[in-house]
**Q** 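Take this structure first; my questions come after.
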Amino acid sequence: MELLQEMRAEGHEQLVMVSDAGSGLKAIIAIHDTTLGPACGGTRIWPYKSEQEAVWDALRLSRAMTYKAAAADLPLGGGKGVIIADSHTDKTEALVRAYGRFVDTLGGRYLTTTDVGSTGRDMEYIQQETDYVVGLPVTSGGSGDTSVMTGLGVYMGMKACAKEVWGIESLTGKTVALQGFGKVATQTAHHLMKEDANLVVTDVFDDALDRARDMGLTVVKPNDIYGVDCDIFAPCALGGVINPDTIPQLKCKVVAGGANNQLLSDKDGDELHRLGVVYAPDYIVNAGGIINAEAEIGREYNLERAREKTERIYEITERVIARSKSEEIPTAKAADRLAEDRLKSVRGIRRVYRAN
Ligand code: NAD
C-alpha cells in the first residue's frame, strides 16, 4: 500500500522525516491522532535496517500510543519518534540535541519521552532545545524512572482481574509467574510481596535471577515459566509471548503483565477468551509510565497525583472486563472499543466547537 494511503487507513495525521548532516541525525516522527491532546510517545533509538522499517515502526507505535492514552483517560494523543542509530555506538549529545530542535519545530504537537535506546539523560539534552519533552530525571524536576508507576499499574490490573475471577481483589496466597525480572517486574513484585503472594520468576540474565533469589523468590528456567502451576501469568519481558505454542502450556486463570504487544495476533486473544482465561490488555495495565510522564506537563510534577491516576488502572481494567462480558468479545477488543469510543466522543465536541 502507498504510504499516504496507509496513513489515511490507520488514521495518522502527520509523518515528519528529519535529517541533520552535521550530527548525522536521521529520524522520523509520526503523529497519529491529536484529538485528545498533543501527541505523546517515546523516542526509540534503534539501528533499523532500512528507512522503510523505521517508518512502519513509527507509524505502528504512534497508533498504539493513541489507544494507550485514550484508554488511560489522559489528555494526550499518540505519537512516536524513531532515530535510526545504534544507541550504544552512534548516540552523541549533538545528535540528540539536533533531534530536540526538530521536536521544537512541531510547536507542541508532539511531546517526546524515553523509549528503547533513549534515557533520562537524553531527555535532559533534548530539554536544552525544546520544552516539549517529558520523562525527565527527578534531578531535573521530572518524574524519573517510569517503571515505578508501570509496576504499580500492572499490580492494580492484576487485582481487578482477581476480583473478576475469584470474587476478591486480594492477591494474598495467589501464585504469580513473572516472565522477565527487570525494572517493571521488580516493581510489581514489591507490591505483590507486601500482599503475601507467591512469586515464581524467570529471566535470561543471571544477575536478575540472583536478585530474585536474594528476595526469596522461586526461580525457574525461561522455557519452564509458561507451565508453572500459577494463578496469574505476568509477561514482563517480550512481546508475542501469548501464542499458539504457549497458550496450551498455561495453567493460569489470568494473564496480566507489563510487556508491550503480548498477543502474537488477535487470534491469541480470542483463544484466551474461549478458554476462560482473563487477559488484562497490555496497554491498559502498562500505562503507568505514560501516566507518570503526563503528570509533568504544564505543572510541577506531583508524585501523589501520578500514583492516584495510576491506581485508576484498577477501574479501567474493570470497565474493560465488563465490556468484554456484555458484548461477548475478548478483552483486547473491548479495550480497543473503550479507547475508540472516547476518541469518537471528543471528536464530536470538537466539531461543535469549531462550528461555533
Ligand atoms: P527491562 O529491560 O528492565 O526488563 C526486561 C527483563 O526481561 C530483563 O531483565 C531481560 O533480561 C528479561 N528478558 C528478556 N528476554 C527474556 C526471555 N526470553 N525470557 C525471560 N526474560 C527475558 O525492561 P522493563 O522496563 O522492565 O520493561 C519490561 C517490558 O515492559 C518491556 O516489554 C517494555 O516494553 C514494557 N513496558 C515498560 C514500561 C516501563 O515503564 N519501563 C512501560 C510500558 C511497557
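In each ligand, atom 1 is the first atom listed, and ligand 1 is the first ligand listed.
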**Q** Which residue and non-hydrogen atom of the protein lie closest to atom 17 (C) of ligand 1, and at what distance in Å?
**A**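 The answer is V204 CG1, 3.6 Å.
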**Q** Got a salt bridge between D210 and R213, using NZ or NE/NH1/NH2 to carboxylate O under 4.0 Å?
**A**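 Judged by the 4.0 Å cut-off on N to carboxylate O distance, D210 and R213 do form a salt bridge.
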**Q** Identify, by atom number and element, the atoms of ligand 1 in contact range of S147, meaning under 4.0 Å from any of its heavy atoms.
**A**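 Reading through ligand 1 atom by atom, the close ones are 40 (O), 41 (N).
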**Q** Looking at atom 22 (C) of ligand 1, what's its closest protein heavy atom, distance included?
**A**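 Sorting protein heavy atoms by distance from atom 22 (C) of ligand 1 puts A237 CB, 3.6 Å first.
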**Q** Please tell me whether Y226 and Q179 have a donor and an acceptor in their side chains that are separated by less than 3.5 angstrom.
**A**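 There is such a pair between these side chains.
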**Q** Please list the nearest protein heavy atom to atom 23 (O) of ligand 1 with its residue and the distance rounded to 0.1 Å.
**A**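 Here the closest protein heavy atom is K183 NZ, 3.9 Å.
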**Q** Distance alone, cut at 3.5 Å: any donor-acceptor contact between the side chains of E195 and Y155?
**A**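 Present: a donor and an acceptor within the cut-off.
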**Q** Flag the pair R274 and E271 as a salt bridge only when some basic side-chain nitrogen lies within less than 4.0 angstrom of an acidic carboxylate oxygen.
**A**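 Judged by the 4.0 Å cut-off on N to carboxylate O distance, R274 and E271 do form a salt bridge.
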**Q** Quick test: of every protein heavy atom, which one is nearest to atom 30 (O) of ligand 1, and how far off is it to 0.1 Å?
**A**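 Heavy-atom neighbour on the protein nearest atom 30 (O) of ligand 1: G258 O, 3.1 Å.
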**Q** So for ligand 1, is N286 a polar contact partner (N or O within less than 3.5 Å, distance only)?
**A**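 It does not: no N or O of N286 is found under 3.5 Å from an N or O of ligand 1.
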**Q** Number the atoms of ligand 1 from 1 as they appear, then name those within less than 4.0 Å of a heavy atom of G182, with their elements.
**A**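 Taking each heavy atom of G182 in turn, ligand 1 has 3 (O), 4 (O), 6 (C), 9 (O), 26 (O) under 4.0 Å.
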**Q** Does T146 reach ligand 1 with a nitrogen or oxygen that is under 3.5 Å from one of the ligand's nitrogen or oxygen atoms?
**A**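 There is such a contact, yes.
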**Q** Look only at interatomic distance and state if P222 has a nitrogen or oxygen under 3.5 Å from any nitrogen or oxygen of ligand 1.
**A**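 There is no such contact.
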**Q** Can you check whether K68 has an N/O within less than 3.5 Å of an N/O in ligand 1?
**A**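 No - when backbone and side-chain N and O of K68 are compared with those of ligand 1, no distance drops under 3.5 Å.
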**Q** Is it true that the side chains of D20 and Y99 contain a donor and an acceptor less than 3.5 Å apart?
**A**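 No pair is found: no donor N or O on one side chain lies under 3.5 Å from an acceptor on the other.
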**Q** Would you tell me whether E13 and T34 have side-chain atoms, one donor and one acceptor, within less than 3.5 Å of each other?
**A**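 Judged by distance alone, the side chains do pair up.
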**Q** Quick one: do R337 and E340 make a salt bridge, cutoff under 4.0 Å?
**A**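 Looking at R337 and E340, the cut-off is not met.
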**Q** Apply salt bridge (charged side-chain N to carboxylate O under 4.0 Å, His left out) to D115 and list each qualifying residue two or more places apart in sequence or on a separate chain.
**A**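 Partners of D115 by the salt bridge (charged side-chain N to carboxylate O under 4.0 Å, His left out) criterion, ordered by chain and then number, come out as R44, K80.
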**Q** Indicate, as side chain, backbone, both or neither, the part of T150 found under 4.0 angstrom from ligand 1 when only non-hydrogen atoms are considered.
**A**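 The part of T150 near ligand 1 is the side chain, not the backbone.
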**Q** Not counting sequence neighbours, which residues clear side chain to side chain contact (heavy atoms under 4.5 Å, CB included) with A72? List them please.
**A**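 Side chain to side chain contact (heavy atoms under 4.5 Å, CB included) check on A72 returns L74, A287, I291.
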**Q** In the protein, what heavy atom is nearest to atom 20 (C) of ligand 1, and what distance, to one decimal place, separates them?
**A**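 Residue, atom and distance for the closest contact: D203 CA, 3.8 Å.
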**Q** Name the closest protein heavy atom to atom 5 (C) of ligand 1, giving the residue it belongs to and the distance to 0.1 Å.
**A**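 Of every protein heavy atom, C236 O, 3.9 Å lies nearest to atom 5 (C) of ligand 1.
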**Q** Under a 4.0 angstrom heavy-atom cut-off, which atoms of ligand 1 come close to F205?
**A**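 Those of ligand 1 that fall under 4.0 Å from F205 are 11 (O).
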**Q** Quick one: look at L238 and ligand 1, take heavy-atom pairs under 4.0 Å, and tell me if it's side chain, backbone, both or neither.
**A**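 It is the side chain that gets close, since no backbone atom is under 4.0 Å.
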